[in-house]
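Report on one structure; see the data block that follows.
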Amino acid sequence: MSAPEPIVIAIDGPSASGKSTNARALAQALGFIFVSTGAMYRGFAWFCLKQGIDLASTRAIGSALKRWKAELVLDHGEVHLEPKGQRRTKDELEASETASAASRVSAVPVVRKYMKEIQRECIRFGSLIMEGRDIGTNVFPASEFKFYLDATDEERNRRRNLGKPVEPKPEEKSAAADDLKARDKRDSQRAAAPLMMGLGALRIDTTGQTPAETTALILAEVAKRQAALAQSRRKAA
Ligand code: DC
């Protein structure tokens with residue numbers, strides 16, 4: 001008997017819609033590999049910031065990409081795109097400056113092309129839970145398991161402030177909300193693979209849901225789709 005074909009569960013949606021939390025929980029529940037494609041864009045954006053690249057210049061970003069050497073690494077059930085010989089901290093990658101730079105470099109077509117190829121390569125590690133903005137539309141458009149998570153702006157801003165060691169001041173909250181809005185706008189209005197719902201994706205509004213509720217909903221839908229697929233394959237055989 002041959003081994004089952006690896007599958008990809010695509011989780012897309014705007015910032016702070018619950019993608020990472022749910023994707024990690026799903027990976028754990030199903031024994032699949034977790035891939036954050038946002039982390040890949042952040043990694044390259046961090047490099048551009050360190051190199052002082054003009055983020056308004058598509059050409060400068062393209063030539064930085066040619067100098068960026070990175071490889072896929074599987075570590076504790078997660079695939080990362082690790083740059084060779086560069087040390088960056090989790091805080092640096094998660095900083096809002098890096099996120100905003102990631103949103104800018106990710107609009108450049110050559111960067112998207114490079115990332116798409118490398119993200120498709122991840123399948124060699126096994127079945128994946130891959131989260132991002134264009135997984136169901138562009139990276140793995142043929143996936144039968146697509147989810148689009150969303151939440152109200154208010155809820156997404158609230159989540160971004162959770163986990164901060166000190167309660168942000170009102171002006172900091174307002175600046176962070178503006179930042180989130182600008183990023184969403186850029187990610188959904190760019191010409192190259194903008195954020196949108198993939199064909200056949202299930203949209204889930206996670207506002208007011210606990211992560212466990214959302215994860216359970218996704219798991220149930222995956223099981224339902226798997227059963228439907230198995231049935232249609234049996235019929236076709
Ligand atoms: O998921 P994240 O917030 O870490 O992503 C950071 C930025 O990277 C996001 O604002 C847009 C970009 N991105 C993208 O364009 N396509 C993806 N598949 C993932 C992220």
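First listed ligand is number 1; within each ligand, the first listed atom is number 1. Bear in mind that the values here come from a model prediction, so they are computed numbers and not experimental data.
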**Message:** Any nitrogen or oxygen of Arg183, side chain or backbone, less than 3.5 Å from one on ligand 1?
**Reply:** yes
**Asked** Purely on distance, is any nitrogen or oxygen of Arg42 under 3.5 Å from one on ligand 1?
**Response** yes
**Request:** Please verify whether a non-hydrogen atom of Met115 lies at under 4.0 Å from ligand 1.
**Result:**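 Heavy atoms of Met115 never come under 4.0 Å of ligand 1.
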**Prompt:** Does Met40 come within less than 4.0 Å of ligand 1, judged by its heavy atoms?
**Reply:**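 The answer is no: ligand 1 sits nowhere under 4.0 Å from a heavy atom of Met40.
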**Residue, atom name and distance, where the atom is the protein heavy atom closest to atom 16 (N) of ligand 1** =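 Ranking protein heavy atoms by distance from atom 16 (N) of ligand 1, first comes Arg112 NH2, 3.0 Å.
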**Prompt:** Of the protein's non-hydrogen atoms, which lies at the shortest distance from atom 13 (N) of ligand 1, and what is that distance?
**Reply:**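 The answer is Tyr41 CD1, 3.6 Å.
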**Request:** Would you tell me which option among Arg190, Arg133, Met130 has the nearest heavy-atom contact to atom 15 (O) of ligand 1?
**Result:** Arg190
**Item:** Candidate with minimal heavy-atom separation from atom 10 (O) of ligand 1, of Asp134, Val105, Asp187, Leu195
**Value:**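 Considering heavy atoms of Asp134, Val105, Asp187, Leu195, the nearest to atom 10 (O) of ligand 1 sits in Asp187.
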**Message:** Quick check: is Val8 connected to Phe34 through a chain of hydrophobic side chains (ILVMFWY, heavy atoms under 4.5 Å apart)?
**Reply:** no
**Message:** Taking Phe147 as the starting point, is it possible to reach Leu128 by hopping between hydrophobic residues whose side chains are less than 4.5 Å apart?
**Reply:** no
Should you measure from each heavy atom of [X], which atoms of ligand 1 turn up under 4.0 Å away?
X      : value
Ala102 : 6 (C), 7 (C), 8 (O)
Ser106 : 11 (C), 12 (C), 15 (O)
Thr37  : 17 (C), 18 (N), 19 (C)
Gly132 : 18 (N), 19 (C)

Inspect the contact between [Y] and [X] and indicate whether a charged nitrogen and a carboxylate oxygen are less than 4.0 angstrom apart.
X      : Y      : answer
Glu155 : Arg159 : yes
Glu131 : Arg24  : no
Asp134 : Lys116 : no

**Message:** Taking atom CZ as the centre, does Arg59 end up with more than 12 heavy-atom neighbours from other residues, nucleotides or ligands that are less than 6.0 angstrom away?
**Reply:** no
**Message:** Before you tell me yes or no, could you show the steps for Arg186 and Ser100 under side chain to side chain donor-acceptor pair (under 3.5 Å), namely the whole-Å CA-CA distance, both residues' side-chain angles and the distance that decides it to 0.1 Å?
**Reply:** CA-CA 10 Å; Arg186 202 181 298 118; Ser100 155; 4.6 Å; no
**Message:** Treating Asp12 as the side-chain partner and Ile135 as the backbone partner, does any N or O pair qualify as donor plus acceptor under 3.5 Å?
**Reply:**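 Yes, because the side chain of Asp12 sits within donor-acceptor range (under 3.5 Å) of the backbone of Ile135.
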